Amino acid sequence: MPEVFYPLRRGYLVNTLYIVALRRFEAELISGISIPIPALTYTQVKRDLQELIEKK
């Protein structure tokens, strides 16, 4: 899989290019869908996504 795909939570593999907003415990996609992020992994997910964005 290309690096742009990230396992946001169990059962959700998300293309990071389609994330438009990262809010507390959820990620919003271009389509308007919000995917919940588990509270226990939120800080790690946020850190990982910020690193991916900086690489672009």
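Every heavy atom of this structure was used, including side-chain atoms; hydrogens, water molecules and symmetry mates were not. This one's a predicted model, so the numbers in the text were calculated from it and none came from an experiment.
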Engineer: Mind jotting down which residue pairs meet the salt bridge (Lys or Arg N to Asp or Glu O under 4.0 Å) criterion with at least one end in residues 38-47? Sequence neighbours excluded, please.
Structural biologist: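 Non-adjacent pairs meeting salt bridge (Lys or Arg N to Asp or Glu O under 4.0 Å): zero.
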
Engineer: At what distance, to the nearest 0.5 angstrom, does CG of L49 lie from CD1 of I19?
Structural biologist: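 L49 CG to I19 CD1: 5.0 Å, rounded to 0.5 Å.
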
Engineer: Considering only distance and modelled atom types, tabulate donor-acceptor pairs under 3.5 Å from the side chains of residues 2-15, sequence neighbours left out.
Structural biologist:
{"unit_1": "Y6", "atom_1": "OH", "unit_2": "D48", "atom_2": "OD2", "d": "2.6"}
{"unit_1": "R9", "atom_1": "NH1", "unit_2": "P36", "atom_2": "O", "d": "3.3"}
{"unit_1": "N15", "atom_1": "OD1", "unit_2": "L17", "atom_2": "N", "d": "3.0"}

Engineer: Among residues two or more places apart or on two chains, list those pairs meeting ring-ring contact (aromatic ring centres under 6.0 Å, His included) that have a residue in residues 13-33.
Structural biologist: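 Residue pairs with at least one partner in residues 13-33: F25-Y42.
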
Engineer: Could you tabulate the donor-acceptor pairs under 3.5 Å formed by side-chain atoms of residues 27-35, not counting sequence neighbours?
Structural biologist:
{"unit_1": "E28", "atom_1": "OE1", "unit_2": "R23", "atom_2": "NH1", "d": "2.8"}
{"unit_1": "E28", "atom_1": "OE1", "unit_2": "R23", "atom_2": "NH2", "d": "2.5"}

